[in-house]
Amino acid sequence: MNLSQLPAIAVLSDNVTIVQQGEVKIVRVIHEKAVAGIALLGGHVVSYQPTGQEDLIWMSKAAIFDGEKALRGGIPVCWPWFGRVAAPAHGFARSQEWELVEHRENEQGVIVELALFPSEDTLSIWPHLFDLRLVMEVGDELKVTLKVQNIDDHAWTFSSALHTYLNISDIEQMQVTGMGAEYIDGLQEGKICQGGENLMLTAGIDRVYTQPEAVIKVEDQVLNRTLNITNAGHNSAVLWNPWIEVATDMADMENDGYKTMFCVESTLHAPTINDGVTLQPNENYELSTIISA
């Protein structure tokens with residue numbers, strides 16, 4: 001995504017401006033270390049480009065910036081659930097307008113913090129009080145941390161994911177390591193399977209890897225770079241690519257878009273809402289992902 005072509009509608013500092021794509025406002029970070037963009041719709045990272053490199057984040061060329069629909073690509077925030085365990089799929093956080101609450105910068109990079117609070121809309125979907133923060137640290141690497149706090153007078157349970165779309169040159173010329181062997185296969189009705197130490201794709205994939213290593217590596221043979229994904233607060237890593245069969249049915253993905261994207265998601269997975277993590281009043285939880293090349 002070419003953020004430099006979008007005119008600024010507000011200048012917040014030397015490194016931070018607000019730009020607009022369609023109906024969506026984007027916090028644009030321009031620093032000597034990297035350029036990044038975070039949409040207020042969904043608290044959604046849409047770009048992270050370290051200086052001298054291709055973007056590490058993939059956005060669909062057909063993404064719909066109407067201010068209502070969740071964006072295709074980037075790093076969607078799936079909360080207070082992941083998957084189709086309730087409606088809407090992947091929760092409501094990715095289609096809500098977040099607030100910019102803080103930004104600060106130094107020689108090492110820029111930190112941007114967004115917040116999402118309960119509203120009539122969220123309470124009609126999920127009747128609980130929460131304080132949700134998303135902290136993006138943009139520098140030599142990108143760190144995204146989702147901070148969850150229960151501000152209600154009763155306990156509630158959630159699951160979550162940072163649904164990162166990685167930008168790659170060719171889905172059939174990459175190799176993945178560090179995901180672990182055991183996975184739940186979404187294309188085989190949740191069958192538990194065992195895989196190898198290396199993964200190369202020739203077809204679509206929808207897997208929840210249950211024992212990932214600390215760092216998952218995606219080796220891009222064409223761009224001659226390795227993307228490192230370091231997750232924390234997770235219990236699994238979801239790996240996903242829709243392949244052409246599914247991509248052609250998506251209005252917000254071009255038919256060949258699957259060729260240049262691959263998802264490695266920091267995931268707090270639960271088969272039902274009640275199987276997620278339970279927070280008592282005033283308790284906190286953090287889910288994070290660090291992406292570097």
Side-chain angles (χ1 to χ4, degrees), residues 34 45 48-50 53-58 73-78 82-83 90 135-146 159-188 190-243 258-271 277 285-293:
V45 176
Y48 168 65
Q49 187 171 8
Q53 296 194 47
E54 297 281 338
D55 209 313
L56 274 60
I57 301 298
W58 180 91
I75 308 181
V77 177
C78 304
F82 168 74
H90 292 319
V135 179
M136 278 74 56
E137 300 173 51
V138 179
D140 289 328
E141 59 187 21
L142 172 68
K143 183 176 184 181
V144 180
T145 305
L146 181 66
S159 61
S160 186
L162 297 171
H163 193 311
T164 304
Y165 288 71
L166 298 169
N167 182 38
I168 58 171
S169 55
D170 184 347
I171 191 66
E172 296 189 68
Q173 296 192 63
M174 67 153 204
Q175 178 174 270
V176 187
T177 56
M179 65 282 176
E182 184 180 277
Y183 62 89
I184 303 167
D185 196 335
L187 301 182
Q188 296 190 68
K191 180 181 177 181
I192 297 177
C193 303
Q194 297 293 321
E197 295 182 359
N198 300 303
L199 176 67
M200 299 182 74
L201 294 186
T202 56
I205 183 175
D206 184 3
R207 299 176 180 176
V208 180
Y209 280 87
T210 58
Q211 299 169 353
E213 296 178 12
V215 181
I216 297 174
K217 294 181 177 289
V218 178
E219 182 183 341
D220 190 323
Q221 297 168 7
V222 178
L223 286 178
N224 193 29
R225 73 177 181 184
T226 298
L227 303 181
N228 301 300
I229 301 92
T230 306
N231 299 329
H234 61 310
N235 62 10
S236 57
V238 171
L239 274 56
W240 180 70
N241 181 286
W243 221 255
Y258 75 95
K259 292 182 178 180
T260 55
M261 55 74 56
F262 184 63
C263 287
V264 178
E265 309 170 30
S266 180
T267 308
L268 192 59
H269 176 261
V277 168
Y285 196 93
E286 292 189 4
L287 178 71
S288 67
T289 189
I290 301 173
I291 304 164
S292 63

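Position 1 is the first residue of the sequence, and the numbers go up from there. For clarity, every value in this text was computed on a predicted model and none was experimentally measured.
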How long is the gap from [atom1] on [X] to [atom2] on [Y], to the nearest 0.5 Å?
X    : Y    : atom1 : atom2 : answer
F262 : W240 : CZ    : CH2   : 11.0 Å
L199 : E219 : CG    : CD    : 12.5 Å
H234 : L268 : NE2   : CG    : 10.0 Å
C263 : L162 : SG    : CG    : 12.0 Å
I57  : Y48  : CD1   : OH    : 9.0 Å
L146 : I75  : CG    : CD1   : 11.5 Å

For the student: nearest non-hydrogen atoms of [X] and [Y], plus distance:
X    : Y    : value
R225 : L227 : NE-CD2, 3.7 Å
C78  : S160 : O-OG, 2.8 Å
A237 : I216 : CB-CD1, 3.6 Å

Against L239, only a single residue in V218, L201, I205 fulfils side-chain contact (heavy atoms from CB on, under 4.5 Å); can you say which? I205

Hey, which of I229, V238, N235, N231 is the one that makes side-chain contact (heavy atoms from CB on, under 4.5 Å) with S266? N231

Here the side chain to side chain donor-acceptor pair (under 3.5 Å) pairs for residues 167-178, sequence neighbours left out, are S169-D220, D170-Q173

With Y209, which residues qualify under ring-ring contact (aromatic ring centres under 6.0 Å, His included), at least two apart? Y183

F82 meets the ring-ring contact (aromatic ring centres under 6.0 Å, His included) criterion, sequence neighbours left out, with H90

Contact check, side chains of [X] and [Y], non-hydrogen atoms, under 4.5 Å:
X    : Y    : result
V264 : T164 : no
L56  : P50  : yes
K217 : N228 : yes

Mark yes or no for whether [X], through its side chain, and [Y], through its backbone, hold a donor-acceptor pair below 3.5 Å.
X    : Y    : value
R207 : C193 : no
D206 : P242 : no
Y285 : G233 : yes

More than 12 heavy atoms of other residues, nucleotides or ligands under 6.0 Å from CD of E197: yes or no? no

Taking only residues two or more places apart in sequence, or in another chain, which ones meet D140 in a salt bridge (Lys or Arg N to Asp or Glu O under 4.0 Å)? K33

Suppose we screen for side-chain contact (heavy atoms from CB on, under 4.5 Å). Which residues come up paired with [X], at least two apart in sequence or across chains?
X    : result
A270 : S159, D275
I290 : E141, K143, T230
S236 : V208, T267, H269
T210 : E182, I184

Taking only residues two or more places apart in sequence, or in another chain, which ones meet [X] in a side chain to side chain donor-acceptor pair (under 3.5 Å)?
X    : result
N198 : none
S288 : none
D55  : S47
E213 : none

side-chain contact (heavy atoms from CB on, under 4.5 Å) evaluation trace for L166 with I291: CA-CA 9 Å; L166 298 169; I291 304 164; 4.1 Å; yes

